[in-house]
Number of protein chains: 2
Amino acid sequence: MRYPASETAEKHTRILAHASRLFRERGFDGVTVAEIMNGTGLTHGPFYNHFASKDALIAESLSYACAEAMGDLSAVQQSPEDVRAYVAGYLSTRHRDTPGEGCVLPSLGAEVGRAPLTRPGVTSHVRGMVDKFTEYFPWPGKRNRRRNSIRLLSAMVGAQLLARAVDDPVLSEEILAAVRSEIA
Amino acid sequence: MRYPASETAEKHTRILAHASRLFRERGFDGVTVAEIMNGTGLTHGPFYNHFASKDALIAESLSYACAEAMGDLSAVQQSPEDVRAYVAGYLSTRHRDTPGEGCVLPSLGAEVGRAPLTRPGVTSHVRGMVDKFTEYFPWPGKRNRRRNSIRLLSAMVGAQLLARAVDDPVLSEEILAAVRSEIA
DNA sequence: TGTACATCAGTGAACGCGCGTTCACTGATGTAC
DNA sequence: TGTACATCAGTGAACGCGCGTTCACTGATGTAC
């Protein structure tokens, strides 16, 4: 049946939000189109009213998640304490244990490298994060701010990847703590 | 037909080597059992003479790749130059562009976190790499060697993940160079 | 304002394909005598 | 040493299932008059 036009855009956003969460939790191949649609209270049929294909949804949902993450990062004030709190939150066990709500880079970065449609959006997201870090992070000197930002972002992403891969909770926590202490 | 018993073990190893390369290139779901077997010159039938399931192959091929990588790392002499060369090689564009021959952590780390069978093997691999770095890396002082090793490994893994995800060759190279300069 | 009709997001069955897995069969190897 | 037979890694067709995608149909909404 026909539905109020106002709901269509909202449903589109709900699909993106739910899809990006599931993809981060299980990877692109670990989630079915039907499951995404069911999670938004619909059947799988109208999926193709919203997206040309699953690949198109993957690309759009990643852009959605990146935009949301950049919004969170921009909301952080420029005070050193707030920036440090952001990094500490990134390296928290909570972030490790809830990948569906977290950064797409540790959970989907490798798959992005193999999925051409997703790369442009993620590239500008990475560039945006490096720029923000370079601008706002309380680095000691003026020199090498950008280089230090890239190092820190790499270590943050790698640490979450390793902390999630590793089986031993002690080692996992040690990895997060090691990188966390870099900004203490 | 029956084949010389001596060939069986060698075929088993060939399957592991080829599978681990393809998995690193395309992810666990991006490679089919038939493709792996064809790549070793066989049809897909005898796969189940060697492995209980695709999941079992995934776990075993990852352990194989980790063992091989630890062998390479152990072959590095303890001289500071050789250790630095190892890290520089890890952060090279060559490694970025040939994931099938490279470290499993940037290419498969996220999937490992979701595949319980693979986690024990990868956990001991991560522990082994941290131990080697702690022991041999030419850190300036005696304090914090282990913490610095974890930071460096995290940055190396994260940098390769990002360098592969990113679309822009300039940014990609900048990421690798930033972490490379950390040990210069 | 009320009525007839066109619209189109939704439903849910069906399709086609690919992949993991199974299995009846083959035939050179290794063994028993 | 030669011969008959059991073994078992291989072949390749087939199975079953799940998933992405399609489509005939539904019926409340929005529109024309």
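None of these values were measured; they are calculated from a predicted model. Reminder, nothing fancy here: chain letters follow the sequence lines and each chain counts from 1. Below, each value reflects all heavy atoms present in this structure, side chains not excepted, and no hydrogens, waters or symmetry copies.
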Below 3.5 Å, can you tabulate the donor-acceptor pairs from side chains in residues 64-71 of chain A to any protein atom, sequence neighbours excluded?
none

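- Scanning for side chain to side chain contact (heavy atoms under 4.5 Å, CB included) contacts around A/Ala19 gives A/Phe23, A/Ile36, A/Leu57, A/Ser61, with sequence neighbours left out.
- Partners of A/Tyr86 under the ring pair (Phe, Tyr, Trp, His ring centres under 6.0 Å) rule, at least two apart in sequence or in another chain, do not exist in this structure.
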Evaluate A/His50 against A/Glu60 for side-chain hydrogen bond (donor to acceptor under 3.5 Å, both in side chains), listing each step before the verdict. CA-CA 11 Å; A/His50 289 279; A/Glu60 198 173 329; over 6 Å; no

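- For residues 24-36 of chain A, the set of pairs meeting the side-chain hydrogen bond (donor to acceptor under 3.5 Å, both in side chains) definition, not counting sequence neighbours, comprises A/Ser20-A/Arg24, A/Arg26-A/Glu35.
- Secondary-structure annotation of DNA chain C gives the stems C:2-33 with D:2-33, with a stem taken as at least 3 successive Watson-Crick or G-U pairs whose two distances both fall under 3.5 Å.
- Of the candidates D/dA9, D/dT11, C/dT11, D/dT11 carries the atom nearest the B/Thr43 side chain, counting heavy atoms from C-beta on.
- Each of A/Pro46 and A/Asp29 was assigned the nucleotide of DNA chain D with the nearest heavy atom; the assignment lying further toward the 5' end belongs to A/Asp29.
- As rounded to whole Å, 11 Å separates atom P of C/dG12 from atom CG of A/Asn38.
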Given protein heavy atoms under 4.0 Å, the one-letter contact record of nucleotides 14-19 of chain D, with B base, S sugar-phosphate only and - none, is simply B----S

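- Regarding A/Asp55, its CG atom lies at a distance of 13 Å from the C1' atom of D/dT21, rounded to whole Å.
- Rounded to whole Å, atom P of D/dC8 lies 11 Å from atom CG of B/Asn49.
- In this structure, the CD1 atom of B/Ile58 is 9 Å from the P atom of C/dT21, given to the nearest Å.
- Atom NE2 of B/His12 and atom P of D/dA9 are 13 Å apart (whole Å).
- Between the CG atom in A/Leu91 and the CG atom in A/Leu152 there is a gap of 8.0 Å [rounded to 0.5 Å].
- One atom, CG of A/Leu42, and another, P of C/dC8, lie 18 Å apart when rounded to the nearest Å.
- For A/Tyr48, taking side-chain heavy atoms from C-beta onward, the closest of the listed nucleotides D/dT22, D/dG10, C/dG20 is D/dT22.
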Give every donor-acceptor pair under 3.5 Å between a side-chain atom in residues 97-105 of chain A and any protein atom, sequence neighbours left out.
| residue | atom | partner | partner atom | Å |
| --- | --- | --- | --- | --- |
| A/Thr98 | OG1 | A/Arg94 | O | 2.7 |

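- If you check C/dG20, D/dG20, C/dG10 against the side chain of A/Lys11, the one that comes closest is C/dG10.
- Residues in residues 138-184 of chain A take part in these ring pair (Phe, Tyr, Trp, His ring centres under 6.0 Å) pairs, two or more places apart or across chains: A/Phe137-A/Trp139.
- Among pairs with a residue in residues 167-179 of chain A, those fulfilling side-chain hydrogen bond (donor to acceptor under 3.5 Å, both in side chains) read A/Arg96-A/Ser172, A/Asp168-B/Arg127, A/Glu173-A/Arg180, A/Glu174-B/Arg146, at least two apart in sequence or across chains.
- A search for salt bridge (charged side-chain N to carboxylate O under 4.0 Å, His left out) contacts involving A/Glu182 returns B/Arg151, not counting sequence neighbours.
- Against DNA chain D, the stretch residues 111-121 of chain A makes no heavy-atom approach under 4.0 Å.
- Between the P atom of D/dC8 and the CD atom of B/Glu7 lies a distance of 16 Å, rounded to the nearest Å.
- Within 4.0 Å of A/His50, counting heavy atoms only, lie sugar-phosphate atoms of the nucleic acid but no base atom.
- Side-chain atoms of B/His95 come within 3.5 Å of backbone atoms of B/Tyr90 as a donor-acceptor pair (strictly under, hydrogens ignored).
- Computed from coordinates, the B/Phe47 CZ to C/dG20 P distance equals 8 Å when rounded to whole Å.
- Sorted by first then second residue, the salt bridge (Lys or Arg N to Asp or Glu O under 4.0 Å) pairs that include residues 8-20 of chain B, not counting sequence neighbours, are B/Glu7-B/Lys11, B/Glu10-B/Arg14.
- Along DNA chain D, the nucleotide nearest to A/Gly45 and the one nearest to B/Gly41 differ in position, and the one closer to the 5' end is contacted by B/Gly41.
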